[in-house]
Amino acid sequence: MLQEAESPYATLQVQAQPSGFGAEIVGLDLTRPLSRQALAEVKAAWAKHAVVAFPDQPLSLDQLEAFTQAIGAFGEDPFIRPMPGHPNVLELRREPDERATNFGAGWHSDWSFQPSPPAATLLHSEVVPPVGGDTLFCDCTRAYDALSDSMKAMLAPLRAVHSATRAYGTEGVFAKETAKRTLQIVVSPEADKSLSHPLVRTHPVTGRKALFISPVYTVGVEGMTREEGAAILGYLFQHMTQDAFIYRHRWRPRMLLMWDNRCTMHFAEGGYDGHLRVMHRTTVAGDVPR
Ligand code: SIN
């Protein structure tokens, strides 16, 4: 259920989820450039709610690109072929006869294995199936806040190891896949590389701390054995994915969703075999996590 906002905004209305995590923004036409004030208010609402949906936005690819660039410079999207003529747009298309697991069906924060992972991902719904296809989001800030002081102190100096290997690596899920997939995935030895980020990162805009790990891309904890890392990460993953920290996004056609990869992870649910689902996706570049 959405709640009416007290509205500190002059150019838009925000209807937030009761938890404050996730909100709908109405009153804007994103097919046109936003005024400076409207853009500042969108950014403020996004910082506050982390996942913001703009219903009824019939965006062309050019308009999606223009709004993305108003938020920030494009990020780099590896391992997936972009749309012809639109090098910064991915088409997440799943045909009715596809039976391969839907793309994004594991908890992750986009491209967290990059030195500077994307700050934002934008996803615009073109065709929404009549059943299934929701996207779930985890509030990694409230999940961090809910930990004990002792756990927070233990996690503070740790660095988590991130890699794309399980998904896009030479021995990863997509390398072994045989079922039809319309999305063109490019498996690469590049995906087998890894790097580390702080396990708890501080959001550059809000100053709030959040767990920055995910089951898909976090493969260990620096300086720990595989078993030690798996035990800590396993506990944190089950803690983070409790219902209390989850927002379920239900799509409608022509909806634009923008989420903050610095303080959320997400999971694309299936359940729509036999139906077409088409989304267009862009990312906005981010900072080195600190
Ligand atoms: C993703 O970016 O992980 C896909 C999300 C979705 O298709 O709902």
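Counting starts at 1 for both ligands and their atoms, in listed order.
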Proximal ligand 1 atoms for L123, defined as those under 4.0 Å from one of its heavy atoms: 5 (C), 6 (C), 7 (O), 8 (O)
Numbering as shown, the atoms of ligand 1 that approach G104 to under 4.0 Å (heavy-atom distance): 3 (O)
Output field: ring centroids F174/F79 closer than 6.0 Å: no
Pair [X]-[Y], side-chain donor/acceptor within less than 3.5 Å:
| X | Y | result |
| --- | --- | --- |
| H86 | N88 | no |
| Q37 | E41 | yes |
| H162 | S112 | yes |

Of all the non-hydrogen atoms in the protein, which one sits nearest to [atom], and at what distance?
| atom | answer |
| --- | --- |
| atom 4 (C) of ligand 1 | L92 CD1, 3.8 Å |
| atom 1 (C) of ligand 1 | H266 NE2, 3.6 Å |
| atom 8 (O) of ligand 1 | T135 OG1, 2.5 Å |

Shortest non-hydrogen separation from T264 to W259 and the atoms involved: OG1-CD1, 4.0 Å
Closest contact, heavy atoms only, R250 versus M255: O-SD, 4.1 Å
Among H108, M279, R277, closest by any non-hydrogen atom to atom 6 (C) of ligand 1: R277
Region of T121 that comes within reach of ligand 1 [heavy atoms, distance under 4.0 Å]: neither
R281-ligand 1 polar pair, N/O distance under 3.5 Å: yes
